[in-house]
Engineer: 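Let me begin by handing over the structure; questions about it come next.
Position 1 is the first residue of the sequence; numbering continues from there.
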Amino acid sequence: QVQLVESGGGLVQAGGSVRVSCAASGRSISNYAMGWVRQAPGKEREYVGRITGNGAGTFYADSVKGRVTLSRDNVKNMVYLQMNSLKPEDTAVYYCAVGRTDWGTRDSSGYDYWGQGTQVTVSS
């Protein structure tokens, strides 16, 4: 069993940056990809990206590519999402999730454990 807790969201002005953290507990996540999704009000969950277990591979959705950087610290059992050049359409609840494999997938069915999410609101 893994527990995930996201933090670091908040209200940010358009053009600004935010760093969202995901703290894992219960077991090591070092052998598992970590994914990020977001959900805006009234919309379905949207894949943001993922990072492989060793952190060597990162994959991003086209909607955020070039603005998002995923990283992880497997010693601390932490994963991070850095988003720059924020837009109002980035407003959403951001969730991290533990993948079933080291490589991961963009499909949400490939993730077993999810955090409760953290709100990021971008004002124009």
Side-chain angles (χ1 to χ4, degrees):
Q1 193 80 1
V2 178
Q3 292 78 43
L4 301 174
V5 178
E6 300 92 339
S7 61
L11 178 63
V12 186
Q13 284 192 331
S17 300
V18 68
R19 189 192 195 208
V20 179
S21 300
C22 172
S25 61
R27 75 161 195 237
S28 173
I29 57 171
S30 62
N31 292 325
Y32 302 93
M34 293 295 294
W36 289 88
V37 300
R38 65 185 182 183
Q39 188 166 21
K43 295 187 177 181
E44 295 186 354
R45 280 191 177 184
E46 177 190 14
Y47 170 80
V48 174
R50 73 185 192 274
I51 183 168
T52 57
N54 64 4
T58 52
F59 306 89
Y60 303 105
D62 289 343
S63 59
V64 301
K65 196 173 292 183
R67 300 190 297 121
V68 168
T69 301
L70 300 182
S71 60
R72 64 192 298 162
D73 183 336
N74 284 338
V75 173
K76 295 182 178 179
N77 237 23
M78 296 285 296
V79 187
Y80 306 97
L81 180 152
Q82 173 78 33
M83 182 177 286
N84 303 320
S85 303
L86 284 163
K87 307 174 183 179
E89 51 263 45
D90 294 320
T91 295
V93 178
Y94 285 73
Y95 302 87
C96 62
V98 182
R100 295 178 180 172
T101 66
D102 173 73
W103 188 254
T105 174
R106 63 181 298 141
D107 189 339
S108 60
S109 66
Y111 296 86
D112 284 328
Y113 302 101
W114 296 80
Q116 84 291 345
T118 187
Q119 176 73 45
V120 174
T121 302
V122 183
S123 63
S124 57

Engineer: For Tyr111, is the NZ or CZ atom of Arg50 found under 6.0 angstrom from the centre of its six-membered ring and inside 45 degrees of the ring axis?
Structural biologist: no

Engineer: Same hydrophobic cluster for Val98 and Tyr80, using side-chain heavy-atom links shorter than 4.5 Å among ILVMFWY?
Structural biologist: no

Engineer: List the residues meeting side-chain hydrogen bond (donor to acceptor under 3.5 Å, both in side chains) with Ser124, not counting sequence neighbours, and say none if there are none.
Structural biologist: none

Engineer: Can you get from Leu70 to Val79 by hopping between Ile, Leu, Val, Met, Phe, Trp and Tyr side chains that sit under 4.5 Å apart?
Structural biologist: yes

Engineer: Give the cluster check for Val37 versus Ile29: same hydrophobic cluster or not, with ILVMFWY residues linked at side-chain heavy-atom distances below 4.5 Å.
Structural biologist: no

Engineer: For Val18 versus Gly8, what's the shortest heavy-atom pair and its separation?
Structural biologist: CG2-O, 3.4 Å

Engineer: Under a 4.0 Å N-O cut-off, is there an ion pair linking Asp90 with Lys87?
Structural biologist: no

Engineer: Using modelled atom types only, decide if a donor and an acceptor are shared between the side chain of Glu6 and the backbone of Gly117 within a distance under 3.5 Å.
Structural biologist: yes

Engineer: Is the cationic atom of Arg106 (NZ for Lys, CZ for Arg) positioned less than 6.0 Å from the six-membered ring centroid of Phe59 and within 45 degrees of its normal?
Structural biologist: no

Engineer: Check Ser63 against Arg38 and note the closest heavy-atom contact, atom names and distance.
Structural biologist: OG-NH2, 3.8 Å

Engineer: Is there a side-chain contact between Gln119 and Thr91 (heavy atoms, below 4.5 Å)?
Structural biologist: yes

Engineer: Does anything in residues 35-64 form a disulfide (SG to SG under 2.5 Å)? List the pairs, not counting sequence neighbours.
Structural biologist: none

Engineer: Which heavy atom of Thr52 sits nearest a heavy atom of Arg72, and at what distance?
Structural biologist: O-NH1, 2.8 Å

Engineer: Going by the disulfide (SG to SG under 2.5 Å) test, which pairs reach into residues 52-124, not counting sequence neighbours?
Structural biologist: Cys22-Cys96

Engineer: For residues Trp36 and Val20, determine if any side-chain heavy atom of one lies less than 4.5 Å from a side-chain heavy atom of the other.
Structural biologist: yes

Engineer: Would Met83 end up clustered with Val93 when hydrophobic side chains under 4.5 Å apart are linked, directly or stepwise?
Structural biologist: no

Engineer: Any side-chain heavy atom of Asn77 sitting closer than 4.5 Å to one from Ser28?
Structural biologist: yes

Engineer: Find out if a path of hydrophobic residues (ILVMFWY) with successive side-chain heavy-atom gaps under 4.5 Å connects Tyr60 to Tyr95.
Structural biologist: no

